[in-house]
Each structure stands twice: as C-alpha cells, then as structure tokens.
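Working notes, structure below.
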There are 4 protein chains.
Amino acid sequence: MSGSVFGNIFKISTWGESHGKALGVVIDGCPAGVELNEEIIQKDMDRRKPGASKYGTKRSEGDKVQILSGVFEGKTTGTPISLVVFNEDQRSRDYSNIMNVYRPGHADFGFDSKYGFRDYRGGGRSSGRETAARVAAGAVAKACLKELGVDIFAFTRSVGKVSCETFDRDEITANPLCMSDREACEKAAALMDDAMKNGDSVGGVIEGRISGLPVGIGETVFDKLDAVLAKAIMSIGAVKGIEFGAGFSVALLRGSENNDPFVIREGKPEKAANNSGGILGGMSDGNEVVFRAAFKPTPSILIPQKTINRNMEETEIVIKGRHDPIIVPRAVVVVESMAAVAVFDLMLMNMSSRMDNIKNFYNKGV
Amino acid sequence: MSGSVFGNIFKISTWGESHGKALGVVIDGCPAGVELNEEIIQKDMDRRKPGASKYGTKRSEGDKVQILSGVFEGKTTGTPISLVVFNEDQRSRDYSNIMNVYRPGHADFGFDSKYGFRDYRGGGRSSGRETAARVAAGAVAKACLKELGVDIFAFTRSVGKVSCETFDRDEITANPLCMSDREACEKAAALMDDAMKNGDSVGGVIEGRISGLPVGIGETVFDKLDAVLAKAIMSIGAVKGIEFGAGFSVALLRGSENNDPFVIREGKPEKAANNSGGILGGMSDGNEVVFRAAFKPTPSILIPQKTINRNMEETEIVIKGRHDPIIVPRAVVVVESMAAVAVFDLMLMNMSSRMDNIKNFYNKGV
Amino acid sequence: MSGSVFGNIFKISTWGESHGKALGVVIDGCPAGVELNEEIIQKDMDRRKPGASKYGTKRSEGDKVQILSGVFEGKTTGTPISLVVFNEDQRSRDYSNIMNVYRPGHADFGFDSKYGFRDYRGGGRSSGRETAARVAAGAVAKACLKELGVDIFAFTRSVGKVSCETFDRDEITANPLCMSDREACEKAAALMDDAMKNGDSVGGVIEGRISGLPVGIGETVFDKLDAVLAKAIMSIGAVKGIEFGAGFSVALLRGSENNDPFVIREGKPEKAANNSGGILGGMSDGNEVVFRAAFKPTPSILIPQKTINRNMEETEIVIKGRHDPIIVPRAVVVVESMAAVAVFDLMLMNMSSRMDNIKNFYNKGV
Amino acid sequence: MSGSVFGNIFKISTWGESHGKALGVVIDGCPAGVELNEEIIQKDMDRRKPGASKYGTKRSEGDKVQILSGVFEGKTTGTPISLVVFNEDQRSRDYSNIMNVYRPGHADFGFDSKYGFRDYRGGGRSSGRETAARVAAGAVAKACLKELGVDIFAFTRSVGKVSCETFDRDEITANPLCMSDREACEKAAALMDDAMKNGDSVGGVIEGRISGLPVGIGETVFDKLDAVLAKAIMSIGAVKGIEFGAGFSVALLRGSENNDPFVIREGKPEKAANNSGGILGGMSDGNEVVFRAAFKPTPSILIPQKTINRNMEETEIVIKGRHDPIIVPRAVVVVESMAAVAVFDLMLMNMSSRMDNIKNFYNKGV
C-alpha cells in the first residue's frame, strides 16, 4: 500500500510524478447521474495551474484535464471516472545537483531511505505537482456536493505576518494571493517581493469553510468529521498544522467561555458563537465548518544551503529552476478539493446510519 | 460504517458506551509472538483511570482489563485480541435533565439529528470513557513498538496559560497533571483550583514525542505519517487542533529560517534543527517526531448554561455529577495510545515497500 | 491484518479460540433503530449449537450470547454492537497427541509454519467453533434484512450421495440434518450411521437462497454479488467449492440453452428459467439468488491416520474426543449468516449509487 | 463505492468502458525495485487480445499498454503505477437494437435498474473488455511473484463436454483453445465449429495452478487463501462456480478418503494426495494450489432471442456484431491475472504475521 488511495465510498486513487508522462486520478464510487464534463473540472485545474501570476512558477503547462471513463452523454454513469493530465513541459534537465544530494525541507532523504532509490526529477511523486490529481478529484466531489447544497471554499488567511482583517468573498478570486482582504493582499505582496529579491520564500495560513452541511455528518469515534478533514488536509505537502473553530486558542479558555450555547434563530437551532467550528462530537452541528491550515514556506529557495549527500557527507546545495516563492495561493484550491472529497465521502457513509431511512430508500423502488 | 475501526494492518475495532455493560476493543492483525498479559495493559489503563487525583472524576471504577482471546501461554498468537473492561459502577441515575436537552459543547444534538434518538446515559458512545478501549489497544501497540526500539510518550505541555518551561521526563508521571515541569504544575494547579471553585473547567495542550523510528515510515501521498497521526489524534474527543514540529509558527517564517539543513552527527544523518518535527514529505526523517494537540476545556461545567431542547425551545441546563475540571491529564495516555496504534500500523505497511526486502524476507523461510 | 474483518459498511470483526475464555464479534456500521435483543440472536445460535442431535458433538455448551454494547431500550443505536459467548465447557484435556503432530485435513501445519507456534487446544482459531461469532453477526444482519423484505435461508442439499428430491421448507427445521426432503433425510441418516460405526465422517452440499432482493444489488466489477458471496461462503472452514444457479453445469451448455430470456409475469420482469441463479453481471436480477457450497467430510475421524510431527518425522495419529461425523447440518445457519452479512453490506453500498436518490435522501431532512 | 478496487496492500483500481476512450488500472502498493516495462505487460495483453484466432472476436485492436507512472529507469519506484490502453477501434455503430432492450444473460437490466440509465455501447463497463485492465495489473503482480519464485498458470480444462485427458504445459500456449491436450483441443474445435455454424456459443472450465508458494499464505478466517481467490475469480464476468482441489466431489467422500495424510518426501513435508488443492484452514499447505472455474457460454449469440425492453414489454432481440463463440480461451490469462493479484497481496499481508520476522526486518536497517 503506497497510501495513494483516499476515501471509503467515494474513493480516489491518484498517481503520477512531477516529470513523468502524466498525472491523474481514478474515482471509484462517484454516483451516477451527476452532470460532468471537462470544462467543470478544468476551472479548478486552472486555479491551481502554475504561472498564473508572478508568485507562481513559470512552468507554462496547459494542465488540460481529460475524462477517459465514467461519463456518458454528459453524466456520470456510476462506474470509475478516470481523469488524466499529460505533462507537456518535459524538457530534459540537468539534475546532477539534486540526484545525489538531499534538499533540506524535502522528501529526498526519506525516499532514498525507504525505497533504496528515487525518481529525482523535480521531486517525483513528492512534488507539489501531485496535487493536480487531487484538484481534479475535488472538482468532481464539488460537483456532487453542489447538488446537495453544500458549499466549500478556501482562501489565504495570512501570508507571513500579514493577516486578512476583512472578508470579501469576491476578493478571493480577484487577487493573485487569494486573500479575502485587498489591503492585506497589498501588504503581503510587498512582503513577498522582499523575500523573492533575496531568493527566499514565505509561509502562510489557508482557511477553509463549509456551509450547507446537514447536521450529523461525520462518525462518532475514529471517522469524526474533524479527524477525517485533518487527515485530508494534513496529507497536502507543506501543511504543518490544522485547527478547527477556535482551534489552539481553546487551550487558553475556560469551559464557560468556550462552550457554545445552542440558540434558536429564525426557528432553527444554531450556536451563539461558533467556537466549535461547526463540529461537535465529530459530527457537523449545523453551523459553518471552519478550519485553518498552516503551510510552511516553499523549501526550494535560491539561497545556498548546507546539507548532506547519499554518501553521508556534508555538502552545500544550490537549487535552481522554477519554484513558487510561496505555496499558499496555489494550494487554496487544493485545500478546497481535499475537503470536498472528505466531506462528500462522509455524506455517503452517513446514508446508512438509520434503518428508517434505509427502509424509505428501498421502498421507493430503486 | 460507524467509523469505530482504525488502521489497515494493525486494525482496531472499539465498542462500548459510557453506561453500558462494558467497553472494549478487538485488535485484528497483531503479530504473533509478542509477550502480552493483562498487567502490561493494565498499567496504561490505570494512567487513564478516573479518580487518580482531585483533578479526575470521582468514579471509582477498577477499569480492570481482561484478555479474552489472541494470547496463549503469555504470547500473542497472531489471531484477533479481544480486550474488555466491564463497567462496575452503573448506579441508576436521573437523566431527566439531559435526556431531552442538548448540552452545549457536547455531541447530543448531533446524535439525535443523525440517529433519531440516542443513549443519553452519560454521553453514550461519545463519552470520554470511550477512550478506555483506545488505551487498551494502544498498550498492545506499545508492546509491539517496544520490541522494535520505538519509544512514544506524551505529556501536558500547558494548562490554560501555564506552559512547561523545563523538561524532566520523570516528572511527567510524578505529578497529577502530567507536566514535565514541577513549577509549572504548581501554577497550573492553582489555576485549576480557581476554575473548580467556580464550577468551571480549563483547556490545555498535550505534546507527543516519538523516537527510535526508522527513516521512511509513512507513505508519500495520503497516508503521510503526519496525516495519519493527525487523524488518530484529532479523533480523540475535545481535540481542536494539531501541529507538528514548528507547527503554526512556520506560517510566519521564511524558507531560509524554516528549512532544516541535514548534518552528520556522530556519523549519522540528522537535521540541525527539528522544525519539521521529524517528518519530511510525510515520512519519518530520523529526528524525533514531535506534535502538539489542543484540548478544549471540559464542556460539562457546573455553571448553569443556556441551550435548547428536543422540541427546539430555548431553555437552561444545569449539569450535575462527576466531571473532570480538565481533560488533559487523563488524555495524555490516550494521545500516546493513538499515536502508537497509528505508528505501528505504518511500520507494518512499510514492510512491503521494497522488493529486495520482500525477497530477503521470503528466502529466509517463514 | 489477520483477516478477521469482513464487510465495508456493515463491518464485522470476529475473535475467539475454541478453548479460550470466549468468542465474539463487533459489528461496526449497523444502522440505528433496528429492534434487537439477545433472544433474536439466540435463536440462530441454538441452531448452530453442538449437541442438538446425535449427529452433533456432545459438547454441552449453552452458547448463550450477550449483547455488550450498541443496543439501548431494545433498539440498535448506530454504534458498534459487541456480542460475546463465554466458553463454559473448558475442562482441561490432554492435548499431547495433537500438540506436536499435524492432523490431516486441518490447519495445524499451516499455523505452525505461519506463526512459529499455535494454540493447539481444539484447533484454536481454526476450530469450527469460530463460526459461532459469524452466526451472532448474521442474526443481526438478518434482523436488518427482514425490515427490508429480504429473506435468506439455507438447507442441506445432499449428504454424501443422498440428495434432496423434494422441497419442503418446513421440513428443513424439522429434521436433524436440515434437509428439505424427509425421505432423503432418512436415507442420509442411514448413511451417517454407517460412517459413524466405522469412526468415519461424510461430506455434503448446502444450498442457500435469497429472495426479496431489489434488482441491481452488487457492484459491476470486483464487488459483484456472486464474488462477494463466494468469498463469504468460501471463508467458512471445510467449504471446497461454490456455484451459482446452473453452476458448473453451464460449462456443458450452449448459449441458447443457458441464456435466460427475460419475460413479463404478472406485470413484472422475470427470467423464464433461473440458470443465472438470480445474478447477471454481478448484480441481482430480480429472481431468487441460488447457490450451493460443497463441504468436505469432518477431517477429525476416529480411524488412525498417517501424518507427520513438528520434527518432520512420519508418525500416526489417533484423534479422540467429540467430533461431528458431518459438518453440514450445523453449517446451514452459518451459510445463512455469512450470506446475510454479505448481502446487507452490498445493499448499504448500493444506496450511494445514484445522485437522484442521494438528493432525495438529503432533502427529506435527515 | 463502485467496487472496482481489489486488494489490501497491492491494491488495484480498474476503470474504463468497452467503447470509451481508454481502459486502465492504477496499482497502489507495488513494491519498489521490480523490473518492469511495457513489453513485460504487453506479452500478457497479447494473450487476451481479440482476434488471435477464429475463436476470438474480429476486433482488430492493438491493445497497446502504456505505463504512465511509477516506473523510473526500468524499475518500479514504489509509487502508483498507472497503466492505460487506448481504444483504437471506436467506429460509431448502430446500437438501436440494444439501447432499449435487455439482452438475455447480460447486465443490461441490472444496470438500468441500479443507475437509471446505462452506457449501452458494447456493454459499457460490463463488457469482457474490462478484463484488459485486470490483465495489465496481473502482469505486474506476476512480475513480482516471479522474483519470489511463485509460478501461476491456467489452462482450458474443458470446452463443453470435451475435457483434457493429458497435461502438456507447452501445449497450452501452442493451441488456439489453450488446452493442455492437443487431441482434446481438436475435438473441442469440432464442437466449436458446430456451435458457430448455428450462431451459438459454448461454455467451459478453466483450471488454475499455483506453485512455489511458501506454507502459511492466507489468513485464518475471512481472508483465507481460497476465499480471496474465490472472490478474485468469481469477479470475472461469466464465471458461475469455483472449486479447489477435489472440489465438489468432496461432498461424496468419507473423511478417511478425503483427508490427505502428510508425508515426508525428499526430506520435505507434503501431502500424499492433494485433495485439499494446496490449501488447509485457509492457508497454503506446501502443495500446488489447484482450482477450477466454470464459465458460461458467451451470452451474445446470433440466434434470435425472446426478452423484454425498457417499457417492460416482451420483445425479440437479434444481436449482431463481433462476439467470441466461447469466452474460455481468452479468459485463461484473466484467471491467471486475478489469481496473481490475489496471491501477491496475501503474501504481502503475511509479512506482518510474526514479531520475530518484523524485528529481523527492521534490524537489518531499511
């Protein structure tokens, strides 16, 4: 098991290396009858695509997704959906500087230790490019969730020390850093320019939000909504932490401060605050699900770094080539995608939780 | 799928409600030949047991674990291990105040919404008591890991605003709050006394550490070591966030600050700092694995709270009975246990990663 | 993974050895709201119980099942159901004749080779007694299926060369061999008496039938209804073959003979014959599902047998003790149970196959 | 879950429809370091390829497999292997005769019932063409097994009433029906010619054999070697039964006849006969594993047939186009492939069965 499969019912199996022929994903368990075509998926692919702004790598790939199976006459058929993106830009390069040397902050050392050798071309399977397949799968999950009235989006909460102070959803897709606050974006851009000038990189935080979830999504013990989301998001390279609702700050609160009283608003149950981030006891509680993930700065920097090589000798490495000075903006859609895959799978799992519902289901005559 | 199964090869299936007849776990996939008896498991059970100090509930349960299968003549046989703890203290109580009312910060509302009704006695399956089964399973995983030279421990990093400043491993088991710093523990105790006096509760942070892991444990994409640990730890009730190594602070750093250079120390590869928390690209990197989890304050407080009832009417609730004023100290061994289950499972998964190793394995004649 | 877990959504995890303290099963994923109590389960346990007739072992166990979790006020709660049967009859015995010797037709040799040692008491985990846990789980699955109008039953099709010629469902529970034909049963009894007189044993065939299944249960490729049933049934010890509908005889037919024309009967689609055994393309086709499993004769016979010991020396073994002269009659309820677990799980999986159904499900307000 | 994923550690996820753009498979969990290239896989693809003889369909596809990921410099890297076959021959056809009519013996009716509509082009996902992906995956599993000294092959045991009387392994690949007996093949060919002349089809039996397996492969309860093989083989379309060793005939035997005494031959433990088919208690027992699967006659025949249409009206159908008059010969390599996938996965699972082996493994320094 190389751990490239995610989900129980809506099960995705991703594949592909940075500089291989192609990347892709097979989705087993997508329900039949969902409207799907390449344009729907491509929209999200384009949000992740490199080269969209000066803060993304210059790699000029089209990242054109193709649907190879599972869709007939514009609708999913219930059979596996195979999505593929062929790598167009595979110029041969000189990898001699990283072939035998372990880049700090990268998987190189672990890979060689685990497998005895590695595909050293651009990080191989551990490249950020791997996330293209996640986005393709996520776009399908989002198409499903949309039919169920569930909305998922993410945005750049902070870049380095610069945080969004205001929230304007339209702004997220309008600025190159995917921030919800234009002013913060401008400050962040200045900070980025400074880092880039020095060949350095910056970290940041992405916030995800999910609304429209029915109450009770997520399972009580190991497959809690937050636990499954945590795995989904933490599995994205460069994420070093995740928190829900009030998050780490709950450790500083008293119970009387942190507990959200339930209230009735417009006839509906809600919580007065949303410290829980929309999740109680591992199940959605009716409020918006809110989480934040911390991304480390891009480990590939132009500044020379100390490290070791395959012979266990200390050495220095100078990394060349195209590298994003920040991972966060391109990762926004990846966070959305993984959240969508996780949440839709839990919604399908939830369908078998009550016998009365199952009886209704089968009496209606499938 | 009610989501009470965890793991791929070392697979645990927990069961039991707070006020049912018993709680327990079945472990499928424990290797044969591991020395195991009830005393080994009981040691960890006793660390979680209520009533150990004034900061734990007064419930005077023996929490005596029994091995019902899978062990023969003091060794595991390779067949499923069934562990059970019978509930001794099942006095009938008056649940009328919570039967039809949703306690803030609890799973009650989600449970009723999901299933149409719930076992309202003491939280049912969503009780902290559910973690007894995790600890039993974790003790078995730890017995296995010990044979492989892997050491896992956890401690209370902070209680409310009081953090450990020093680290003394012996101190962890010597003080009632499981802190690594006696002075901090005393301050925290004062803070706790104040909260208890007011019928309130406090939150805190638990830190976990894993050493002795071979390099390369964890899989490259979805089953990253940190992703699997995140799910394992986030699945513990009351956890609202998790971070690895430098954690959320990486968002504030530049690449040149955050990247750990590899160095050779005493002939062995290590990282100069350990910002990565012992994990790069989802695989163990040879340094100690370090993570921190934020626990919310106990939601059951003695202070009257506003909430709603099953009829969707606003009301007030007064929670009575035995409740820990803090979850953290008793959760320390739970964190260890879940980490042990997660890590041991990944070590077993890793065994099939290389054909040369598989050939060696089978040539040796199983 | 010791392979004691079965199912995807309705997931059972069995445990226990023949002469250990107890045997049992944990069911994760049983829907909430199913009426369940120990009597319902005990009924099936009693059908498998040893000592019911002279053709069963004399072991006088009560085989009393206990529900330890997952049921509240007579209904399943949606949380894991733990079922246990304590072994009452654990007289210490003399195992010296089988401890170091491999019984022909048994798992002994494989066990020692795989694990390095084994629990030699009565076959340990590989005892027929292991099936008690399957029957307990199956009774729960059957209770669920009953609510959905699905009926599963099995009967002894043949004992040695004696086959049922007639079918009377009431007869199945009325005679000691569970045959559908009283006359055949009498002939089979004579055949059994002859075998027993010689210390020998006999084989036979069990037929299973499932009616009331909606069309379309089972998945198209690997999780075909017949493939999943085949695994479920073949996993019962002593089964050496399984066939569906016309079974092995299809190999002798021409397409024009074997193809079942669809017809309309009383306004409903059916097949003229049922050569397919109710399954086409891995999915239920609306007709009764019919399968047959071949059981080998009990390998424990009183006749002295040649074999080898742990030192790889040839030797002779004389098996003593209580052993059924035929496995088949007590296995009838085991076949029903495994079929029920397999089919109910596939029915739950099927619920997420169509987006229109999922939308209906969630709009109805879970 | 559409059930197109098979295996636990060596996990394959197949996709593709008969007349879609392509078919393929993603293999997650193939160990690193296995020599692999397209030629190795193509050899098996060519054995399944249509048009090889007059007994196969005339579809002139190249069935050229491409490796899109997971292989670097001629060796597997431990990351997912994506294999694809593009469909070359996609002439547009007239499907009006099957679009709204349910072909007898086919999945059409089940598909429409389950999903509400279907990809009617050539059977869609339920086409025999789906097995191309299984063969590609199986070729990789066979490459792995070869390194472990495990040999798997299959052959046509019988065609209609004509069975092989002799066994010549070389003959299997030398004659168009993959029989082990040239004389039988000639008789079978005559029988086939007669069926074809009448627009009819014939069934048959495929036998599979596995040698070189270490003792103890397979798990004790649900994941028995025979149970897993049964699921693997029964999941191939058109298989209606499977049996191991003496198979269904054991039902007619007495224990004293069926029990295989263990003997020592050339210093090694073996069984005198091999009635068990190389499997005892669900584990390999050191003898050759032997199984047989019954295949029904091709359901697509040229003879007009009665059936019903989507409006639930009785009608007649005349199937045109290219259809094999027998499924068996092309399915031989499919049987081998599924057996290889199943067995290799169980060998990987077996690696974690003993702590002494695990300790050896990790001390050797991965």
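Reminder, nothing fancy here: chain letters follow the sequence lines and each chain counts from 1. Because only heavy atoms are used, hydrogens play no part in the values below, and waters and symmetry mates are left out as well, while side chains stay in.
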Inset, instruction - Could you walk me through whether Val215(A) and Phe109(B) pass side chain to side chain contact (heavy atoms under 4.5 Å, CB included), step by step? - result: CA-CA 8 Å; Val215(A) 180; Phe109(B) 174 56; 3.8 Å; yes
Inset, instruction - Might you work through the side chain to side chain contact (heavy atoms under 4.5 Å, CB included) test for Met234(B) and Leu229(A), ending with a clear yes or no? - result: CA-CA 9 Å; Met234(B) 283 293 314; Leu229(A) 278 170; over 6 Å; no
Inset, instruction - Show the numbers, then the answer: is there a side chain to side chain contact (heavy atoms under 4.5 Å, CB included) between Thr298(B) and Arg254(A)? - result: CA-CA 8 Å; Thr298(B) 319; Arg254(A) 297 224 164 163; over 6 Å; no
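Side-chain contact between Asp223(B) and Phe6(A): absent, with no pair of heavy atoms (C-beta onward) separated by less than 4.5 Å. Contact check for Glu314(A) versus Val263(B): side-chain heavy atoms found under the 4.5 Å cut-off.
Residue with the most contacts toward chain B among Ala294(A), Gly105(A), Ala251(A), Ala272(A): Ala251(A) (heavy-atom pairs, distance under 4.5 Å). Between chain A and the residues Val5(B), Val159(B), Ile217(B), the largest count of heavy-atom pairs under 4.5 Å involves Val5(B).
Within the 3.5 Å criterion, the main-chain N or O of Gly255(B) finds a donor-acceptor partner in the side chain of Asp200(A).
The existence of a salt bridge linking Lys114(A) and Glu219(B) is confirmed by a sub-4.0 Å separation between a basic side-chain nitrogen and an acidic carboxylate oxygen. Using a cutoff of 4.0 Å between basic side-chain nitrogens and carboxylate oxygens, Lys231(B) and Asp226(A) are not scored as salt-bridged. With respect to Asp260(B) and Lys306(A), no salt bridge is recorded, no charged nitrogen being found less than 4.0 Å from a carboxylate O.
Atom OG of Ser163(B) is separated from atom CG of Leu252(A) by 8.0 Å, given to the nearest 0.5 angstrom. In this structure, the separation between CD1 on Ile264(A) and OG1 on Thr315(B) is 11.0 Å, given to the nearest 0.5 Å.
Proximity to chain B is absent for every atom of Phe291(A), based on heavy atoms less than 4.5 angstrom apart. With a 4.5 Å cut-off on non-hydrogen atoms, Leu191(B) touches chain A through its backbone and its side chain both. Heavy-atom distances place both the backbone and the side chain of Ile308(A) under 4.5 Å from chain B.
If you run side chain to side chain contact (heavy atoms under 4.5 Å, CB included) between Lys240(B) and each of Ile242(A), Asn258(A), Val250(A), Asn275(A), only Val250(A) comes through.
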